[in-house]
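Everything below concerns the one structure shown next.
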Amino acid sequence: NFAAHAAFLLAEPYFEKFRKIKLELPEAKLKTATREKLNQLESLVTRYQNIVSYGDGEWAIAALERLSDVFSIFGSELIASPVPARFDAKQAEIYKKEIASVAQKLFERSLEFLKIGYQKGLELEVTTPVFVALTQRLALRSLKEYPPAHYFTNSSGYSYAGTFKDGDWQGEIARKLKENPKNAAT
């Protein structure tokens with residue numbers, strides 16, 4: 001646990017460096033920044049996948065969630081990046097479509113890492129707030145396929161209330177609250 005946690009903390013400055021690289025004009029700067037961001041992305045994939053290989057559930061999930069962030073951030077920044085001034089309107093439209101196509105692949109990869117984290121959490125029976133947060137992010141994208149996990153706080157810390165795999169989980173929560181509104185496990 002300590003080794004995986006330490007590895008995660010050591011990777012965070014590289015993640016911050018990645019986030020600080022801005023895709024902006026002039027065109028030469030945009031190309032350089034894009035290449036640098038791509039190089040940093042590859043480095044982060046290696047770093048975070050090494051963390052997953054430690055086999056510690058909580059930090060593996062945190063690393064997979066961070067990988068999801070890396071791909072999502074890069075995709076969003078590509079879409080928001082400026083079009084080089086040398087392009088006319090038609091060329092700019094084609095450029096933006098190509099950028100959107102590349103960004104879509106990054107978003108798909110981002111989702112893949114969340115799904116891997118979800119499966120890893122179930123497999124390793126992770127019951128931490130990190131897993132709960134990951135399931136809630138996935139539920140925003142596909143509620144029926146990936147219902148969010150829930151936890152509650154008690155005097156000894158966090159307790160896991162599980163995931164609802166089948167049925168109407170929202171209705172189940174509403175029913176439990178109606179039965180006993182003071183039930184912390186709901």
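Distance check: K37 NZ to R19 CZ gives 8.5 Å after rounding to the nearest 0.5 Å. A distance of 5.0 Å separates CZ in R137 from CG in L114, rounded to the nearest 0.5 Å. Taking CG of L134 as the reference point, atom CD1 of I116 lies at 10.5 Å (rounded to 0.5 Å). D69 contributes atom CG, which lies 10.5 Å from atom OG of S76 (distance to the nearest 0.5 angstrom). Separation of atoms OG (S72) and CD (E77) is listed at 9.5 Å; rounding is to 0.5 Å. A distance of 9.0 Å separates CG of N39 from OG of S43, quoted to the nearest 0.5 Å.
A salt bridge between E93 and K97 is present, with a side-chain N of the basic residue lying under 4.0 Å from a carboxylate O of the acidic one.
Between F131 and V126, the shortest heavy-atom distance links the atoms CD2-O, 3.5 Å. In this structure, E24 and K29 approach most closely via the heavy-atom pair OE2-NZ, 2.8 Å. The minimum heavy-atom distance linking P84 with L25 is given by the pair CA-CD2, 4.0 Å. Here the closest non-hydrogen pair linking G117 and L64 is CA-CD1, 3.6 Å. F107 and G75 make their closest contact through CZ-C, 3.5 Å (heavy atoms, listed as atom of the first residue, atom of the second, distance). Smallest separation of non-hydrogen atoms from A4 and D56: CB-CB, 3.8 Å.
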Show, in sequence, the C-alpha distance, side-chain angles and deciding distance for W59 and Y54, and conclude whether the side-chain contact (heavy atoms from CB on, under 4.5 Å) test is met. CA-CA 9 Å; W59 294 106; Y54 280 90; over 6 Å; no
Check the pair L67 / Q49 against side-chain contact (heavy atoms from CB on, under 4.5 Å), numbers first and verdict last. CA-CA 9 Å; L67 281 169; Q49 285 182 334; 4.1 Å; yes
Under the criterion side-chain contact (heavy atoms from CB on, under 4.5 Å), I'd like the reasoning laid out for V70 against L106: C-alpha separation, chi angles, the key distance, then a yes or no. CA-CA 9 Å; V70 167; L106 293 170; over 6 Å; no
**Item:** side-chain contact (heavy atoms from CB on, under 4.5 Å) between V45 and E42, intermediate numbers included
**Value:** CA-CA 5 Å; V45 167; E42 290 171 358; 5.7 Å; no
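Looking only at distances, no side-chain donor or acceptor of K115 sits under 3.5 Å from a matching main-chain atom of S110. Side-chain N or O atoms of T34 include one that pairs as donor or acceptor with a backbone N or O of L30 at under 3.5 Å. E12 contributes no side-chain N or O that, together with a main-chain N or O of L9, makes up a donor-acceptor pair within less than 3.5 Å.
Using a 30° and 60° split on the angle between ring planes, Y118 and Y146 fall in the perpendicular class, above 60°. Relative ring orientation between F18 and F74 is described as perpendicular, the plane-to-plane angle rising above 60° on a 0-90° scale split at 30° and 60°.
Judged by the 6.0 Å and 45° rule, R66 forms a cation-pi pair with F15.
F71 and L138 fall into different hydrophobic clusters, where Ile, Leu, Val, Met, Phe, Trp and Tyr are joined by side-chain heavy atoms under 4.5 Å apart, directly or via other members. Transitive grouping of hydrophobic side chains (ILVMFWY, heavy atoms separated by less than 4.5 Å) brings I73 and L38 into a common cluster. Cluster annotation: Y48 is not connected to L124 through the hydrophobic network of ILVMFWY side chains, with a link wherever side-chain heavy atoms come within less than 4.5 Å. When the side chains of ILVMFWY residues are joined at heavy-atom separations under 4.5 Å, either directly or via intervening members, L41 and L111 end up in two distinct hydrophobic clusters. Under the 4.5 Å side-chain heavy-atom criterion for ILVMFWY residues, no single connected hydrophobic cluster contains both L10 and L44.
Under the 4.5 Å side-chain criterion, counting only non-hydrogen atoms from C-beta, E27 is in contact with K31.
Around atom NZ of K17, no more than 12 heavy atoms belonging to other residues, nucleotides or ligands sit under 6.0 Å away. Within 6.0 Å of CD in E16 there are more than 12 heavy atoms belonging to other residues, nucleotides or ligands.
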